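Treat the numbers as computed from the prediction; the structure is a model and nothing was measured. Quick note: residue numbers are just sequence positions, from 1.
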Amino acid sequence: MGTAEQVGQYKGFRPFVEIMDSTLRDGEQTNGVSFLPHEKLIIARMLLRDLNVDRIEVASARVSEGEKEAVGMICRYASQIDMLNRVEVLGFVDGGQSIDWILSCGCRTVNLLAKGSLRHCQQQLHKSPEEHIEAIRQEVKYARTKGMTVNLYLEDWSNGMKDSPFYVYQVMDALCDVGIRRFMLPDTLGIMNPLQCIEYFRKMIKRYPDVHFDFHAHNDYDLAVSNSLAAVLSGVKGLHVTVNGLGERCGNAPLSSVQVILKDQFHAKTNIHEDKLNDISRLVESYSGIAVAPNQPIIGDNVFTQVAGVHADGDKKNGLYQNELVPERFGRKREYALGKNSGRANIAKNLEELGLELTPEQTKRVTQRITELGDKKEIVTQEDLPFIVSDVLKHDAPEDKVKLVSYVVSTAYGLKPGANIKVQINGQEYEASATGDGQYDAFVKSLRYIYKKYLGRTFPILQNYAVTIPPGGRTDALVQTVITWNDDGRILRTRGLDADQTEAAIKATFKMLNIYENENKNEL
C-alpha cells in the first residue's frame with residue numbers, strides 16, 4: 001500500500017492514545033542526569049496533577065536506597081490523590097526480587113523487562129527461548145499472586161522483528177494468556193524508520209488483535225516522533241515519551257512534540273493539558289541541568305519569536321505567518337525580535353506592547369539604530385527600546401535614578417568573596433558591604449541590604465544569568481551578560497557589555513534598577 005493510500009485510509013482516524021511518561025526512569029538515563037528524591041516527587045506531581053499524563057514510569061527496581069525513597073514518596077502522594085494505578089516501576093526477571101522491592105515501595109504496577117530479540121536472549125542471558133519464556137511466566141505469576149498489574153517490555157523488539165520475528169511470535173504466543181495488561185514494544189536502539197514501524201506493528205496487531213500494545217521510541221536517527229506517529233496510525237494504543245526528549249544516547253520521543261502532532265495532524269485524543277507543557281519543560285530543564293535548545297519545537301525559547309520584519313507585518317495583516325501552534329495554547333506569548341532583520345513591523349509590534357506611539361518617520365529612525373546595533377552583534381531587548389527611542393529622538397533621557405558611585409569587589413584564597421559599594425538612589429547616597437558565593441553575588445547582596453535597610457523594600461529576583469564570550473580565546477574580549485529578572489511574575493531582561501564579566505553583570509543590574517525605580521516612581 002502506498003503512502004498516499006495509507007494517509008487516505010486514516011483520514012477519519014481519531015483514536016484515543018494513552019501517554020506514558022518515562023522521564024523519571026528512562027529520561028534519568030541521560031548522561032549526567034540524576035534526580036534527587038524530592039525532585040522526582042515534584043516532577044511526578046506536575047506530570048500527574050497538572051499535565052494529566054495517563055501513566056508515569058518513575059524508576060528501575062533495586063537501583064539504590066535513594067531510588068527506593070523516591071518511589072515511596074511518589075506512591076504515597078499518588079495514593080492520596082487516588083492515582084496509584086498510574087505509577088509504574090521497571091522490574092526484572094530475577095526470581096521475584098524486583099517484585100518484592102517494588103511492593104515494599106508501595107507501588108502496584110511492574111513494567112517487567114524481557115528480551116524481544118533472539119540475539120539478546122541467547123547472547124546476553126545465555127538462555128534458550130523456552131527457558132526465558134518459562135522464567136517470565138513464573139515472574140508474572142508471582143506478581144499477580146501479590147495483586148500487582150504487570151506490563152511487559154520486549155527489549156530490542158525492533159531488531160527482533162527485523163532479524164528473528166519467529167522468536168517474537170514464540171514469546172507472544174506463550175505469554176498472551178498469562179494476565180499481562182500491556183505489551184510494550186521498544187525500538188531500543190532507535191533503528192527503525194516509519195515504514196518499518198508500520199510494517200512491524202501491522203503484523204503484530206493482525207496476529208494479536210486483542211492485545212494492548214505500547215510503543216517506546218528512541219531517537220538515534222532523529223525519527224522517534226515520526227515512528228511514534230506511524231505506530232499510532234498502525235493501531236498502537238499507547239506511546240512512551242519523556243519531557244524534553246531526555247533519554248540515553250540521543251534520547252526518547254519528546255512529550256511536547258508527540259502531543260501536538262497527534263492532536264493537530266491526526267486529530268487524536270489524549271488527556272494531556274497542553275497549557276502545562278512549557279511549565280513541565282522548564283522544571284525538568286532546571287532539575288536535569290540539560291538545557292532545551294532555543295529552536296526545540298513548542299518548548300524552545302525562540303519558537304514563538306518572529307525575527308524577520310515581513311513576518312511581523314504579515315501577522316499584523318490577519319496572522320499570515322501563524323499556524324495552529326499559537327503560543328497562548330501553551331501558556332506562552334508571541335514575541336518580535338529586535339535586531340538587524342527586524343524591520344519597522346517588528347519595532348511597531350514592540351512599541352505597541354509598551355504603549356509607545358511614534359510617527360512613521362520616528363519609527364524609521366529607531367529601526368535604523370536597532371539595525372546598527374544588530375550589525376555589531378549586540379542583543380536588543382524590549383526593555384532597551386524606550387532608551388533607544390529617547391536617544392534617537394534626542395529627547396531628554398530621564399536621568400538615572402540609581403547610580404553606582406564606587407565599588408570594590410575582592411576574592412582571596414580560603415575566604416569568601418566580598419563587596420563594598422556606594423550607590424546613589426534618588427539623590428541620596430548609601431553604603432554597604434557583604435560577602436557572597438562569588439563577587440557578583442556579594443555585590444547584589446550589598447544592594448539588597450541597602451534597599452531593605454534604608455528604603456524598606458526589595459527589587460526583582462534574579463531568575464537567569466547568561467554570559468556570552470566571543471570565540472577566539474582573547475582575554476580582552478567583550479563579555480555580554482544578559483540577566484533575566486522576575487518582578488512578581490513579570491519578566492525583565494537587561495544586558496551589560498564590558499571586558500570584565502563582573503562589570504558587565506553590574507551594568508545589567510543597574511539598568512534593571514533604573515527601570516524598576518522609574519516604574520515605582522510613576523506608581524506613587
Side-chain angles (χ1 to χ4, degrees), residues 9-10 13-22 53-55 57 85-86 88-91 93 108-118 120-121 129-130 132-144 148-188 192 194 196-218 227-241 253 258 262 266 268-271:
Q9 179 180 341
Y10 289 102
F13 191 55
R14 286 176 172 77
F16 173 79
V17 182
E18 190 177 73
I19 301 296
M20 192 271 268
D21 182 275
S22 187
V53 298
D54 298 289
R55 300 148 52 207
E57 189 176 46
N85 63 323
R86 293 162 66 173
E88 303 170 6
V89 174
L90 181 74
V93 181
R108 292 295 177 268
T109 302
V110 56
N111 293 340
L112 201 60
L113 187 68
K115 297 302 181 182
S117 69
L118 182 63
H120 270 221
C121 179
E130 292 76 16
H132 186 40
I133 288 168
E134 181 57 29
I136 297 168
R137 289 178 69 95
Q138 291 304 316
E139 205 75 32
V140 173
K141 181 179 179 181
Y142 180 66
R144 285 177 58 78
M148 298 189 74
T149 298
V150 181
N151 302 316
L152 186 75
Y153 274 115
L154 292 182
E155 186 182 20
D156 201 37
W157 166 80
S158 50
N159 270 319
M161 290 298 290
K162 177 172 170 282
D163 301 325
S164 54
F166 58 89
Y167 167 81
V168 175
Y169 300 146
Q170 182 182 0
V171 173
M172 288 294 303
D173 290 345
L175 297 176
C176 274
D177 63 349
V178 298
I180 293 170
R181 173 69 181 85
R182 302 174 183 87
F183 284 83
M184 308 193 297
L185 308 180
D187 183 17
T188 303
M192 285 201 301
Q196 290 171 316
C197 198
I198 290 172
E199 176 190 350
Y200 296 161
F201 271 111
R202 283 186 173 172
K203 289 178 178 178
M204 294 292 288
I205 291 168
K206 182 178 180 180
R207 189 176 178 113
Y208 308 102
D210 299 324
V211 170
H212 176 117
F213 287 118
D214 278 5
F215 179 53
H216 182 103
H218 279 263
N227 286 337
S228 296
L229 300 174
V232 169
L233 284 175
S234 303
V236 161
K237 296 180 180 177
L239 293 177
H240 296 187
V241 297
V258 168
L262 279 175
F266 298 130
K269 297 178 181 179
T270 71
N271 287 322

- Message: For a quick test of reading the model, state the closest non-hydrogen atom pair linking Val171 to Ile133 and the distance between them.
- Response: CA-CD1, 4.0 Å
- Query: So which heavy atom on Asp187 is nearest to which on His218, and how close?
  - Reply: O-CB, 3.5 Å
- First locate atom CG of Asn271, then atom NZ of Lys269, and finally report the distance between them rounded to the nearest 0.5 Å. 10.5 Å
- Taking all heavy atoms of Phe215 and all of Leu185, pick out the closest pair and write down the distance. CD1-O, 3.1 Å
- Task: Search all heavy atoms of Tyr167 against all heavy atoms of Gly116 and return the closest pair with its distance.
- Result: CE2-C, 3.6 Å
- Item | His132 vs Lys115 side-chain heavy atoms within contact, under 4.5 Å | yes
- Message: Nearest 0.5 angstrom please: Glu139 CD to Leu112 CG, how far?
- Response: 5.5 Å
- If you measure from CG on Asn151 to CZ on Arg55, what distance do you get to the nearest 0.5 Å? 5.5 Å
- Query: Hey, mind stepping through His240 and Tyr153 against ring-ring contact (aromatic ring centres under 6.0 Å, His included) and telling me if it holds?
  - Reply: CA-CA 12 Å; His240 296 187; Tyr153 274 115; 5.7 Å; yes
- Message: Between Asp156 and His120 (side chain of the first, backbone of the second, donor and acceptor by atom type, cut-off under 3.5 Å), is there such a pair?
- Response: no
- Message: Test your reading of the model: is there a side-chain donor-acceptor pair from Asp54 to the backbone of Ile19, 3.5 Å cut-off?
- Response: yes
- Item | Donor-acceptor pair between Thr109 and Glu88 side chains, under 3.5 angstrom | no
- Please tell me if the side chains of Phe266 and Leu229 come closer than 4.5 Å, counting only heavy atoms from C-beta onward. yes
- Query: Which atom names give the shortest non-hydrogen contact between Asp163 and Pro165, and what distance separates them?
  - Reply: C-CD, 3.6 Å
- Flag side-chain contact, heavy atom, 4.5 Å: Met184 against His216: no
- Residue from Arg144, Arg182, Arg181 passing side-chain contact (heavy atoms from CB on, under 4.5 Å) with Val150: Arg144
- Query: Looking only at heavy atoms, what is the nearest atom pair of Tyr200 and Ser158, with distance?
  - Reply: CE1-O, 3.9 Å
- Message: For a 4.5 angstrom cut-off between non-hydrogen side-chain atoms, does Leu262 reach Leu239?
- Response: yes
- Task: Please work out whether the ring planes of Phe201 and Trp157 are parallel, tilted or perpendicular, with thresholds of 30° and 60°.
- Result: tilted
- Query: For the side chain of Ser117 and the backbone of Asn159, is there at least one donor-acceptor N/O pair under 3.5 Å apart?
  - Reply: no
- Query: Quick one: does Arg137's side chain have a donor or acceptor within less than 3.5 Å of a partner on Ala174's backbone?
  - Reply: yes
- Note on the structure: Between the CZ atom in Phe213 and the CE atom in Met204, the distance rounded to the nearest 0.5 Å is 4.0 Å
- Query: Between CG of Leu175 and CG of Leu154, what distance do you get to the nearest 0.5 Å?
  - Reply: 8.0 Å
- How long is the span from the CD1 atom in Ile180 to the OG1 atom in Thr149, to the nearest 0.5 Å? 12.0 Å
